[in-house]
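Notes follow the structure.
Atoms within a ligand are numbered from 1 in the order they appear, just like the ligands themselves. Remember, predicted model here, so these are calculated numbers, not experimental data.
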Amino acid sequence: MPARHQTTPTVPTVPTPMVDVELGKRRRGAAIAVLVAPGGTADEPRLGPGADAFGDGWRDWIEPTGKTGEVRVVPAMPSTAGWLFGVGDRGPADWRAAGAALIRSIQDFDTADTGRRPAAVDVALPPDIVPIELRMFVLGLRLGGYRFRVTADQAAPVRRTVRLCVDSPYEIDLRVALERAVVHGSATALTRDLANMPSNVKTPAWLAATATRAAAGVAGLTVTVRDEKWLAEQGFGGVLAVGGGSASPPRLIELSWRGGTGKAKTPHLVLIGKGVTFDTGGISIKRPDGMHMMRTDMAGAAAVIAALRGIAALNLPIRVTGLAPAAENHVSGSAYRPGDVVRHVDGTTTQVANTDAEGRMLLADALGYAVRELRPDLMVDVATLTGSMKVALGLRTGGFFATTGELAARIMAAGFSTGERWWRMPLLDDHADDVRGDLADVRQTPPGPGGIAAALFLREFTADLPWVHLDIAGPARSDKTYDEVVPGATGFAARTLISVAESLALRRSG
Ligand code: BES
Ligand code: ZN
Ligand code: MN
């Protein structure tokens with residue numbers, strides 16, 4: 001169909017690398033960015049290598065402090081442009097913020113009316129930079145300039161190359177760090193693309209087709225899509241109840257990665273993501289203000305889909321299955337109601353109290369299916385599940401529940417090493433009995449603290465297997481620009497999921 005006849009816009013469905021990052025030698029005449037090293041003063045800044053390219057004329061005008069995220073454009077360069085950027089005390093988070101701020105400044109320079117649009121920028125890095133610093137810097141560069149727009153403007157985005165120039169004896173390690181950063185950054189960007197997609201495009205079937213397309217180029221990653229008929233045969237009562245009110249029927253997306261084949265005891269990690277393509281609240285309808293952001297209520301499913309692609313790209317020697325139950329929570333004559341009783345995959349019945357607590361209905365089925373079919377060694381579910389987690393932890397920290405301290409430490413480490421912040425929440429035994437139902441086996445919305453009550457409900461479906469529940473209702477979206485985050489979907493949790501898989505793979509080989 002010609003574009004002008006389309007009423008539904010076509011939009012990017014793969015991560016757009018607005019910037020390619022490479023390692024290499026300085027290019028003569030290229031625009032250059034130079035580090036303002038810690039320890040100097042505004043009057044006497046300590047500059048990293050490459051500063052000679054700037055001459056001295058700028059010193060009367062610019063007093064860089066070297067603060068994290070500070071970027072100063074150096075005017076009157078002999079070449080096209082120059083930047084001075086700060087990394088504060090050189091912690092991993094400083095490098096991430098610095099990369100993001102630098103790429104945003106480079107992009108702004110392009111759009112400002114300078115007539116000079118440097119497509120190639122060299123960044124001179126200090127010789128003592130270590131792999132995690134470089135990895136965080138690259139993450140910032142790849143994600144800080146992210147933008148999602150649906151527009152009539154068909155102009156191809158400027159493709160830019162940032163070349164990192166570093167004179168290090170450990171270049172091989174830096175190359176590995178760069179590749180890992182590119183995989184992690186692409187996973188975050190894909191998660192953002194999927195979650196940002198408007199819900200008039202993003203039906204469950206669209207999400208399934210897009211997941212299939214995103215996996216197509218990746219060797220060894222397979223995708224199976226199940227429709228509503230299969231879901232009914234298999235007893236997915238929760239998914240069918242939630243999806244029942246929508247004109248767009250639900251799907252189950254299953255992604256499968258079988259790494260490390262041939263070895264007997266390959267651990268099996270199962271990742272489960274909430275895929276509510278739009279959450280009106282259903283019959284227990286939401287207030288209108290803020291409802292539009294519920295197009296991102298499948299951010300958990302998006303993180304799982306992107307993580308599977310990243311895990312396959314890294315060729316990790318473990319087995320990983322991703323499950324994304326996808327449904328639209330809508331209002332109609334066929335919508336489920338408060339007071340309904342729903343039967344899940346494992347036979348457990350739930351008495352519905354609030355149709356807006358739909359995420360746990362999908363997850364209960366997916367957990368039951370994983371237990372029944374997949375023999376998981378570890379299940380991790382991820383969901384924009386409860387507003388109360390936003391109240392508890394704010395918008396930049398994910399809350400998680402884990403069945404053991406060892407698993408909790410694994411999540412904290414995975415988040416720390418990839419730049420995502422988590423806080424452990426308790427599976428309080430004093431509220432466990434509140435989950436028991438009178439009309440049915442369990443109550444959908446037990447009383448008590450909302451995020452914890454939801455987790456205790458989900459635990460009923462885990463068969464006491466090792467399990468982690470990630471509630472990302474807060475950090476999945478942002479209305480501000482900070483660090484590598486820009487307004488809209490943040491892609492939160494994709495890197496943590498990949499990192500958890502990496503940690504399991506490491507234990508195997510090490
Ligand atoms: N998708 C929402 C949770 C949410 C709220 C995510 C705000 C992001 C921002 C979820 O489906 C929901 O509506 N949860 C209810 C549960 C309640 C009815 C027990 C909530 O948290 O209010
Ligand atoms: Zn929801
Ligand atoms: Mn809801």
Any side-chain donor paired with an acceptor under 3.5 Å for [X] and [Y]?
X	Y	answer
E358	Y336	no
T321	H268	yes
Y146	D193	yes
D438	Q351	yes
D381	H469	yes
R421	T397	yes
H184	T418	no
N354	T445	no
N329	T280	no
T496	W422	yes
R142	S186	yes
S284	D356	no

Write out the residue and atom name of the closest protein heavy atom to [atom], then the distance separating them to 0.1 Å.
atom	result
atom 8 (C) of ligand 1	R477 NH2, 3.1 Å
atom 22 (O) of ligand 1	G387 N, 4.4 Å
atom 4 (C) of ligand 1	M294 CE, 4.0 Å
atom 10 (C) of ligand 1	L385 O, 3.3 Å
atom 16 (C) of ligand 1	R360 NH2, 4.0 Å
atom 17 (C) of ligand 1	A357 CB, 4.3 Å
atom 12 (C) of ligand 1	D356 O, 3.2 Å
atom 2 (C) of ligand 1	D279 OD2, 3.7 Å

| Considering all heavy atoms of both residues, which atom of R360 and which atom of L385 are nearest to each other, and what is their separation? | N-CD1, 3.7 Å
| query | So, does M293 sit close enough to ligand 1 that a heavy atom of it is under 4.0 Å from the ligand? | reply |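 Contact absent.
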| field | K274 near ligand 1 by a heavy-atom separation under 4.0 Å | value | yes
| request: Give every protein N, O or S atom lying under 2.8 Å from the Mn ion (ligand 3), naming each by residue and atom. | output: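 Near the Mn ion (ligand 3), the protein supplies D279 OD2, D356 O, D356 OD1, E358 OE1.
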| request: Kindly check if the number of other-residue, nucleotide or ligand heavy atoms within 6.0 Å of CZ (R375) is above 12? | output: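 Atom CZ in R375 is not crowded, with 12 or fewer foreign heavy atoms closer than 6.0 Å.
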| D289 atom CG, neighbour heavy-atom count above 12 within 6.0 Å |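 Atom CG in D289 is packed in, count exceeds 12.
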Purely on distance, is any nitrogen or oxygen of [X] under 3.5 Å from one on ligand 1?
X	answer
E358	yes
N354	no
A473	no
K390	no
T386	no

Considering only N, O or S atoms, which atom of [X] is nearest to the Zn ion (ligand 2)?
X	value
D297	OD2
E358	OE2
D279	OD2

| said: For F85 and F137, I'd like to know if the aromatic rings sit close, meaning centre-to-centre distance below 6.0 Å. | reply: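 Yes: the rings meet the under 6.0 Å criterion.
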| request: For the residue pair P487 and S478, establish whether any side-chain heavy-atom pair is separated by less than 4.5 Å. | output: no
| query | Quick check: does K274 put an N/O/S atom under 2.8 Å from the Zn ion (ligand 2)? | reply | yes
Which ligand 1 atoms does [X] reach within 4.0 Å, using its non-hydrogen atoms?
X	value
D297	1 (N)
T384	1 (N), 2 (C), 3 (C), 6 (C)
T445	19 (C)

